[in-house]
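Notes for the one structure printed next.
The figures that follow rest on heavy atoms only: side chains count, while hydrogens, waters and symmetry mates do not. Throughout, numbering of the chain's residues begins at 1 and tracks the sequence.
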Amino acid sequence: MQNIQLKTAFLRIYFRIKKYLIQLYRALHPEDTETTEDERKDITIKNILVDACYNDLGFTVGDKIMILTEAQTTWTMNIIIRALMYLVQSYHEYFERRNDNLYGSKKVKLPKAELYVIFTGKRVSKPEYVSLSEEFWGGEKRAIDVKVKMIYDGKDNDIISQYVAFTKVYDEQVKLYGRTREAVTNTINICKDRDVLKEYLLSREKEVVDMMMTLFDEEQVMRAYVESEKKEAAEEAAVISAIEMCQEIGLPVSETIKKIARKYELKENDAFPKKRIL
């Protein structure tokens with residue numbers, strides 16, 4: 001999680017603003033100078049359930065194009081599969097919004113899909129595209145393929161290059177000061193001085209600081225939870241091992257329970273882990 005969660009959260013919040021979203025679209029489609037802000041519709045899959053499918057950023061341009069964009073720090077080809085899942089879910093929601101009848105004889109409108117990953121990690125090899133068939137099936141043609149365009153930087157200080165620059169400054173400050181308010185405020189001040197997302201940071205500085213500090217707190221809680229789960233699992237494994245030793249030497253169940261309860265300072269009712277079946 002850590003820095004990845006913050007970068008993706010910042011991506012979602014930043015491009016939720018129409019004027020920045022259209023800048024993103026024009027960075028991806030510089031040839032289109034006519035499409036307006038109002039022709040964009042946010043279709044990002046929201047994280048309503050913890051284990052539900054959700055993505056970083058999605059929007060349509062009229063009925064012509066459906067663009068799904070992810071932010072990625074760690075290199076993994078599994079992003080292709082996730083992009084496919086996001087695309088299927090986004091199409092499903094698109095047809096529901098339009099009340100299209102997929103079982104009818106009339107052909108529905110299908111926006112062209114464009115899948116992007118903005119990669120902000122370090123990597124020597126930087127392929128322009130990655131595809132499902134190439135990475136998972138050795139290039140064999142199958143019933144379906146997914147092609148994802150990789151973006152490592154923008155051009156001429158466009159909105160993408162500024163976002164990438166922001167993440168790099170943030171990484172540098174976290175290395176120096178940890179996940180602290182000082183790292184956050186330094187990131188904002190440095191970016192403003194370098195004219196990186198300056199307009200946004202000037203107008204919403206408090207919001208950005210609050211968002212980043214909240215995410216730091218969430219990460220700390222999650223790390224504590226994970227450590228607690230690991231500790232509990234280790235303790236349970238030790239109890240199970242002790243139970244098995246007692247049973248191997250022929251102790252009756254009642255005596256085993258008493259010994260385990262004394263050794264691990266448990267109530268006798270809790271001496272046998274729930275996962276243990278006698």
Side-chain angles (χ1 to χ4, degrees), residues 3-46 54-62 64-73 79 83 86 90 111-123 126-129 148-174 184 186-212 215:
N3 295 353
I4 299 173
Q5 181 185 6
L6 191 144
K7 292 172 185 176
T8 55
F10 186 85
L11 182 84
R12 294 186 203 114
I13 293 170
Y14 181 63
F15 288 114
R16 192 175 296 159
I17 301 170
K18 280 188 175 183
K19 65 178 178 179
Y20 299 129
L21 186 60
I22 195 169
Q23 288 180 43
L24 173 62
Y25 172 68
R26 286 180 177 157
L28 300 173
H29 283 276
E31 78 288 350
D32 184 356
T33 59
E34 297 181 358
T35 302
T36 64
E37 290 180 9
D38 293 336
E39 292 180 76
R40 303 256 161 354
K41 182 176 179 60
D42 180 8
I43 58 165
T44 305
I45 304 168
K46 303 300 188 295
Y54 68 98
N55 65 327
D56 292 342
L57 178 67
F59 63 96
T60 55
V61 182
K64 300 180 296 182
I65 301 174
M66 179 177 288
I67 292 177
L68 305 182
T69 305
E70 298 296 302
Q72 194 79 16
T73 300
I79 188 63
Y86 302 149
S90 297
K112 297 176 184 176
E114 295 182 3
L115 307 175
Y116 299 90
V117 167
I118 302 176
F119 182 74
T120 58
K122 294 181 179 179
R123 184 173 171 81
K126 296 181 177 180
E128 184 179 2
Y129 290 93
V148 180
K149 182 174 177 58
M150 304 299 299
I151 300 174
Y152 307 95
D153 202 352
K155 297 178 181 178
D156 302 324
N157 201 36
D158 67 11
I159 204 74
I160 296 175
S161 66
Q162 290 188 52
Y163 168 75
V164 173
F166 174 86
T167 65
K168 290 179 178 178
V169 171
Y170 165 74
D171 286 341
E172 292 168 358
Q173 294 305 306
V174 168
V184 172
N186 283 354
T187 297
I188 292 172
N189 290 333
I190 291 170
C191 287
K192 287 191 297 187
D193 290 342
R194 295 179 183 176
D195 200 22
V196 171
L197 307 180
K198 185 175 181 178
E199 179 188 58
Y200 176 76
L201 294 175
L202 281 172
S203 63
R204 299 183 181 236
E205 182 169 344
K206 184 179 184 303
E207 178 184 340
V208 173
V209 172
D210 289 346
M211 180 268 290
M212 295 172 84
L215 286 172

Which distance, rounded to the nearest 0.5 Å, do you find between the [atom1] of [X] and the [atom2] of [Y]?
X: D42; Y: L57; atom1: CG; atom2: CG; result: 7.0 Å
X: T73; Y: F119; atom1: OG1; atom2: CZ; result: 7.5 Å
X: I45; Y: S90; atom1: CD1; atom2: OG; result: 3.5 Å
X: I67; Y: Y116; atom1: CD1; atom2: OH; result: 5.0 Å
X: E37; Y: I17; atom1: CD; atom2: CD1; result: 11.0 Å
X: D153; Y: K126; atom1: CG; atom2: NZ; result: 8.0 Å

Is the shortest side-chain heavy-atom distance between [X] and [Y] below 4.5 Å?
X: I159; Y: F15; result: yes
X: I65; Y: H29; result: yes
X: L24; Y: F59; result: yes
X: I13; Y: R204; result: no
X: E128; Y: K149; result: yes
X: E70; Y: L115; result: no
X: K19; Y: E199; result: yes
X: R40; Y: V61; result: yes

Is it the case that atom CG in D193 sees more than 12 heavy atoms from other parts of the structure closer than 6.0 Å?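 Yes, the 6.0 Å shell around CG holds more than 12 heavy atoms from other groups.
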Give a yes or no on whether E34 atom CD has more than 12 heavy-atom contacts from other residues, nucleotides or ligands under 6.0 Å away.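 No, the 6.0 Å shell around CD holds no more than 12 heavy atoms from other groups.
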At their closest point, which heavy atom of [X] faces which heavy atom of [Y], and how far apart are they?
X: T60; Y: I43; result: CG2-CD1, 3.7 Å
X: A71; Y: D56; result: N-OD2, 2.9 Å
X: T35; Y: I22; result: O-CD1, 3.6 Å
X: A83; Y: L68; result: O-CD1, 4.5 Å

Ion pair D38/K18, N-O distance below 4.0 Å: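 Counted as a salt bridge, because a side-chain N and a carboxylate O are separated by less than 4.0 Å.
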With the threshold set at 4.0 Å, does a side-chain nitrogen-carboxylate oxygen contact exist between R26 and D32?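 No, no charged N to carboxylate O under 4.0 Å.
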Backbone N or O of [Y] within a donor-acceptor pair of the [X] side chain at under 3.5 Å?
X: Q162; Y: L197; result: yes
X: T44; Y: G58; result: yes
X: E39; Y: G62; result: no

Quick one: are the ring centres of F10 and F166 less than 6.0 Å apart?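 Judged by ring-centre distance (under 6.0 Å), F10 and F166 do meet the cut-off.
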Checking K192 now: which residues fulfil side-chain hydrogen bond (donor to acceptor under 3.5 Å, both in side chains) with it, not counting sequence neighbours?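 In terms of side-chain hydrogen bond (donor to acceptor under 3.5 Å, both in side chains), with neighbours along the sequence ignored, K192 is linked to E205.
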Could you check whether the rings of Y20 and Y200 sit parallel, tilted or perpendicular, using 30° and 60° as the cut-offs?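 Geometry flag for Y200 against Y20: perpendicular rings.
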Kindly determine whether I79 and V148 satisfy side chain to side chain contact (heavy atoms under 4.5 Å, CB included), including the steps that lead there. CA-CA 9 Å; I79 188 63; V148 180; 5.6 Å; no
Of T69, L28, V117, the residue whose pairing with I151 passes side chain to side chain contact (heavy atoms under 4.5 Å, CB included):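 Among T69, L28, V117, the one that satisfies the side chain to side chain contact (heavy atoms under 4.5 Å, CB included) with I151 is L28.
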